[in-house]
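The structure appears right after this line, and notes come after that.
Reminder, nothing fancy here: chain letters follow the sequence lines and each chain counts from 1.
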There are 2 protein chains.
Amino acid sequence: MVRLSKKVEYGLIALRHMAARPAGEIVTAKEVADRYGIPYELLAKVLQRLGKEGMIASHQGVRGGYSLARDPREIPVSAIIHAIEGTVPVIAQCLSDGPDSCDVFNLCTIKSPLTKVQANIERAFHSMTLSEIV
Amino acid sequence: MVRLSKKVEYGLIALRHMAARPAGEIVTAKEVADRYGIPYELLAKVLQRLGKEGMIASHQGVRGGYSLARDPREIPVSAIIHAIEGTVPVIAQCLSDGPDSCDVFNLCTIKSPLTKVQANIERAFHSMTLSEIV
DNA sequence: CCAAAGTCGGACTGAAATAGTCGTATATCG
DNA sequence: CGATATACGACTATTTCAGTCCGACTTTGG
């Protein structure tokens, strides 16, 4: 399968929600969760993560919440995915770095052609910004 | 994560292996499994699947095995993925048809923009054929 | 005919990733 | 102080994926 995680979907929905209203306006996690039927606790974690990555600004306390930290036109979808998942999405195991890379795949004959496809996919995610998610 | 399954990787390796030798030559599952260190039983299933989908021809019996059924230049990678996974890879849950489609995602604001990304990814897989996997 | 070498195909198990929950701490405002 | 937020880690449940096992069928060759 080639599929984004629910976390990423939720993150995109929340960010879009913020982008669709006046810049700087504060939105709470609960508000978004209720609005879109997303489990609150899970969304909260996603937003915390996005906060840590500098994608959104967090405001604690009683009138707190989150607000977009950047211009939606300058936030590519790829950055959102990366912020939430931590790792860069890699199409096939034999392309990944680190210890779990090619153990079986020393003999892997597929590696180099797949890097091209990989590049295409990354471009697809990189060329779309939050502002385009209308 | 955005990643192909092992089955697809194994399938690609096997098909490439066949494409790299004289057309019509018969190759056994065991042969490929040994050559690339792939679990035999799993590869066998993948090849069975590819056979059912008409991607390769199966030959039963003692001198049996598999052979490519089509010109490698006419087999796009997308067809291979589709044959093995059964379903079309869909980037996000809200894009899929059927019962598990939008239950939470009626309110999903992300659907239409993601279809564009989806189309890009499909194009990436569609534009590469087996013959290009050198 | 029969045995060996193949494919065919479903049921099963184990491991790992993902989704979701819970509890508690901390900050802020009125 | 008390209500309302975020912060954060530990825990559980669910699903998906990888891999295994087993029995059946098919063909070739002796």
Integer-rounded Å distance: C:dC22 C1' and A:L42 CG: 13 Å

Residues pairing under salt bridge (charged side-chain N to carboxylate O under 4.0 Å, His left out) where one sits in residues 43-55 of chain B, two or more places apart or in two chains, turn out to be none

Strand contacts (DNA chain D) in residues 44-52 of chain A, 4.0 angstrom heavy-atom criterion: A:K45, A:Q48

Find which nucleotide of DNA chain D each of A:G64 and A:E41 is nearest to by heavy atoms, and output the residue with the more 5' nucleotide. A:G64

Counting C-beta onward and ignoring hydrogens, is there a side-chain heavy-atom pair between B:L114 and B:Q118 closer than 4.5 Å? no

Calculate the interatomic distance between B:R3 atom CZ and D:dT16 atom P; express it in whole Å. 18 Å

Could you pull out the closest heavy-atom pair between A:S67 and A:E25, with the gap in Å? CB-O, 3.5 Å

Close approaches to DNA chain C from residues 14-29 of chain B, in residue order (heavy atom, under 4.0 Å): B:T28, B:A29

Of A:Y66 and B:G61, whose closest DNA chain D nucleotide lies nearer the 5' terminus? A:Y66

Tell me which nucleotide among D:dG19, D:dT26, C:dT7 gets nearest to the side chain of B:S58. C:dT7

Of the options D:dG19, D:dT6, D:dA18, whose atoms approach the side-chain atoms of A:Y40 most closely? D:dT6

Separation of atom CD in A:Q60 from atom C1' in D:dC8, rounded to whole Å: 11 Å

Take atom CZ of A:R63 and atom C1' of C:dG30, then tell me their distance rounded to the nearest Å. 10 Å

Scanning both residues in full, the closest heavy-atom pair of A:P113 with B:I133 reads CG-CG2, 3.6 Å

Round to a whole Å and report the spacing from CD1 of A:I38 to P of C:dT18. 18 Å

Please enumerate all residues that pass side-chain contact (heavy atoms from CB on, under 4.5 Å) together with B:S78, with sequence neighbours excluded. B:P76, B:F125, B:H126

Take atom NZ of B:K30 and atom C1' of C:dG6, then tell me their distance rounded to the nearest Å. 12 Å

Let's go through B:T129 and B:V77 carefully: what are the C-alpha distance in whole Å and the side-chain angles of both, what is the deciding distance for side chain to side chain contact (heavy atoms under 4.5 Å, CB included) to 0.1 Å, and is it a yes or a no? CA-CA 5 Å; B:T129 69; B:V77 172; over 6 Å; no

Pairwise 5' ranking along DNA chain C for B:V62 and A:V62, keeping only the more 5' one: B:V62

Whole angstroms only, please: what is the NE2-P distance between A:H59 and D:dA7? 10 Å

How close or far is atom P of C:dA19 from atom OH of A:Y10, stated in whole angstroms? 7 Å

Taking atom OH of B:Y66 and atom NE2 of B:H17, what is their separation to the nearest 0.5 Å? 14.0 Å

Contact list for residues 62-79 of chain B, test salt bridge (charged side-chain N to carboxylate O under 4.0 Å, His left out), sequence neighbours left out: B:D71-B:R73

By side-chain contact (heavy atoms from CB on, under 4.5 Å), A:L42 pairs with (sequence neighbours left out) A:K7, A:Y10, A:P39

Give the nucleotide from the list C:dA19, C:dT7, D:dG19 with an atom nearest to the side chain of B:K6. D:dG19

